[in-house]
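Structure record follows, encoded as structure tokens.
Computed from a predicted model, the values in this text were never measured in an experiment. Reminder, nothing fancy here: chain letters follow the sequence lines and each chain counts from 1.
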Number of protein chains: 2
Amino acid sequence: MMQEQQANDYRTLSSLKNALLALKCFTADEPELGITQIAQALGLSKSTVHRIMTTLAEEGFVRRDEQTHRYRLGLSVLSLSGIIMSNLEIYREGQHLLEEFVSRFDETVHLAVLEDYSTVYVSKLECKHPVKILTHLGKKNPLHCTSSGKTILAFQSDDMIEEVIRRGLPQMTPNTITHAEELKAALENIRTTGYAISRSELREGVHSVAVPVRDYTRQVIGAVTVVGPASRLTDGKMKAIARTLQSIGKEISNRLGYYERRQSIGNPT
Amino acid sequence: MMQEQQANDYRTLSSLKNALLALKCFTADEPELGITQIAQALGLSKSTVHRIMTTLAEEGFVRRDEQTHRYRLGLSVLSLSGIIMSNLEIYREGQHLLEEFVSRFDETVHLAVLEDYSTVYVSKLECKHPVKILTHLGKKNPLHCTSSGKTILAFQSDDMIEEVIRRGLPQMTPNTITHAEELKAALENIRTTGYAISRSELREGVHSVAVPVRDYTRQVIGAVTVVGPASRLTDGKMKAIARTLQSIGKEISNRLGYYERRQSIGNPT
DNA sequence: GGCCGTGTTCCGCATAGAGAAACGCTGACA
DNA sequence: TGTCAGCGTTTCTCTATGCGGAACACGGCC
């Protein structure tokens with residue numbers, strides 16, 4: 001016996017945790033879920049999940065479809081994310097610059113930030129091309145196989161880089177960097193050129209370019225990244241885009257309080 | 001005695017409910033909250049709120065500031081709203097049309113939907129003017145004093161309209177419609193012209209225009225609305241905008257499966 | 001240096017929430 | 001049209017869970 005639950009922290013609420021995990025069951029591909037489905041996913045009883053969903057529905061975090069009696073996310077979460085966005089500095093400062101970029105290049109551009117050991121898109125502006133890449137706001141991606149991830153990682157501490165390597169570099173496509181040394185070389189290269197590129201490293205046929213964004217502490221906290229089909233994002237095009245992105249990245253960084261040092265690279269104080 | 005709590009429904013989780021209410025304490029104006037602040041707002045003990053926040057933080061729904069030990073919303077909610085948006089039909093279908101509008105008129109445009117007895121912004125595209133109106137994604141507004149609210153309400157059932165009146169028409173500015181008859185006349189006018197206008201009815205100096213959006217059931221489920229300072233949104237300008245909005249509204253409605261009837265207004269079946 | 005005011009931890013008791021199982025619906029199938 | 005399997009919902013019972021009060025630790029301010 002004992003508690004079968006995982007290490008029953010006295011400081012957390014298991015019922016709340018279950019509810020949050022239930023919310024996380026919803027994905028872009030599966031936006032509508034039934035009780036049983038969620039119960040199985042979480043290993044909980046149907047009645048428990050039912051109570052969770054009823055409560056979530058009461059507060060507008062999910063919506064019960066009157067026909068199918070299945071659930072989808074509700075508008076309360078929209079409201080919360082609106083609050084985040086209007087207070088996330090990098091978002092506020094970046095938005096217009098990204099809009100300008102899209103109207104000039106007509107390629108989809110994102111703003112990504114570091115969260116734990118992933119990148120998270122905090123802003124996305126779509127191009128008008130019919131060929132779309134499936135990403136969305138809040139989408140998490142690994143650090144080692146995306147241009148935004150590599151850009152951010154390149155400027156983190158050695159400890160952080162080692163930790164990422166220790167956690168493993170899963171192979172997503174034949175192009176994914178899976179060896180530590182190869183990754184380190186790539187990061188070194190990013191530090192010198194100031195931008196990162198991914199050619200089908202996360203998904204076959206999807207290329208991307210990214211540049212770092214720094215805040216007033218001079219730390220790299222995010223990246224501006226353009227993602228698109230390999231057919232459009234050729235090496236030449238990506239280089240051209242990289243130049244523009246670099247000036248956008250610098251502008252956003254400046255607005256976040258970053259000021260460029262005169263010379264003296266790698267000289268603290 | 002008895003339970004002091006409100007009617008202790010056997011089917012809801014009070015701890016979860018408290019957590020959801022805690023999340024809702026965060027607003028655009030107050031994006032960073034302390035334990036005590038939340039505890040007071042909800043009438044709960046500090047220990048309870050602390051446990052709630054710890055759990056929320058573990059799942060990334062809030063973030064604990066290491067310096068101040070206060071909390072702000074986390075990126076997990078962004079992720080959820082990204083999922084909603086990529087699956088909310090009205091959002092998907094409307095986005096590009098709104099972008100086009102902004103690039104032509106350079107005024108901020110929103111997509112609003114009906115939720116309970118409020119409108120909720122599910123999309124917002126900002127203009128580049130320095131004078132901004134403070135709204136954000138997920139922002140709720142009353143039905144009787146916004147152009148989007150009145151547009152939507154105009155096409156709801158009489159029961160719904162009566163219920164809105166019964167719930168009261170709070171005066172927000174000197175211009176707010178506060179009398180039932182006046183509101184009904186305004187709604188009638190909206191039904192004939194096909195668009196609604198608000199001149200400082202919600203906030204002094206803020207004007208707006210809106211048109212309805214219908215889905216395949218022919219019900220009005222939302223509105224496209226332009227919001228801006230009175231100085232720019234003159235009567236003449238609003239009329240011009242209304243015309244464009246109407247074609248956008250129709251286009252979105254069509255994409256949601258609405259097809260226009262030949263003649264026969266108000267003739268069901 | 002004592003004083004608020006935080007956020008955090010501890011603890012014991014009552015109740016809120018977990019699961020098993022019964023219920024009622026709806027849609028598939030023959 | 002009858003049967004059945006699957007769903008979401010409800011009920012019930014028991015105990016682990018999560019509640020509040022109080023103690024603790026920090027930190028900024030007169």
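Distances were taken from every side-chain heavy atom of Arg11(B) (C-beta onward) to each of dC19(D), dA18(C), dT10(D); the shortest belongs to dT10(D). The nucleotide whose nearest atom lies closest to any side-chain atom of Asn18(B) is, among dC19(D), dT9(C), dG19(C), dC19(D). With dG18(D), dG19(C), dG8(D) as the candidates, the nucleotide lying closest to the side chain of Arg51(B) is dG18(D). When the nucleotides dT8(C), dG19(C), dG8(D) are ranked by their closest atom to the side chain of Ile35(B), dT8(C) comes out on top. Side chain of Thr36(B), nearest nucleotide from dT9(D), dT6(C), dG18(D): dT6(C). The nucleotide whose nearest atom lies closest to any side-chain atom of Lys46(A) is, among dG18(D), dG8(D), dG19(C), dG8(D). Proximity note for Arg64(A) (side chain, C-beta onward) versus dT9(D), dG19(C), dG20(D): the nearest is dT9(D).
A donor-acceptor contact closer than 3.5 angstrom is absent between the side chains of Ser157(A) and Asp159(A).
Nearest-nucleotide positions on DNA chain D place Gln40(A) closer to the 5' end than the other of Leu16(A) and Gln40(A). Toward the 5′ end of DNA chain D lies the nearest nucleotide of His69(A), the other residue of the pair Ile52(B) and His69(A) mapping further downstream.
At least one side-chain heavy atom of Tyr71(A) sits under 4.5 Å from a side-chain heavy atom of Ile35(A).
Taking only side-chain nitrogens and oxygens, Tyr71(A) comes nearer than 4.0 Å to OP1 or OP2 of dT9(D). One finds no side-chain N or O of Ser47(B) lying less than 4.0 angstrom from the OP1 or OP2 phosphate oxygen of dG18(D). Contact check, His50(A) against dT9(D): a side-chain N or O comes under 4.0 Å of OP1 or OP2. Contact check, Ser14(B) against dG17(C): a side-chain N or O comes under 4.0 Å of OP1 or OP2. Here Ser15(B) does not reach the OP1 or OP2 of dG18(D): none of its side-chain N or O atoms lies under 4.0 Å away.
Protein atom CG of Leu13(B) is 10 Å distant from nucleotide atom P of dC19(D), rounded to whole Å. Atom CZ of Arg70(B) and atom P of dG27(D) are 16 Å apart (whole Å). Separating the CD1 atom of Ile38(B) from the P atom of dT6(C) is a distance of 13 Å, rounded to the nearest angstrom. Rounded to an integer number of Å, the gap from CG of Leu21(B) to P of dC19(D) is 13 Å. Note: CD (Gln67(A)) to P (dC25(C)) measures 17 Å, nearest angstrom.
Between the Thr48(A) side chain and the Leu44(A) main chain, no donor and acceptor come within less than 3.5 Å of each other.
The heavy-atom pair separating Leu111(B) from Tyr91(B) by the smallest distance is CD2-CA, 4.1 Å.
Counting non-hydrogen atoms of neighbouring residues, nucleotides and ligands closer than 6.0 angstrom, the CZ atom of Arg63(A) reaches no more than 12 such neighbours.
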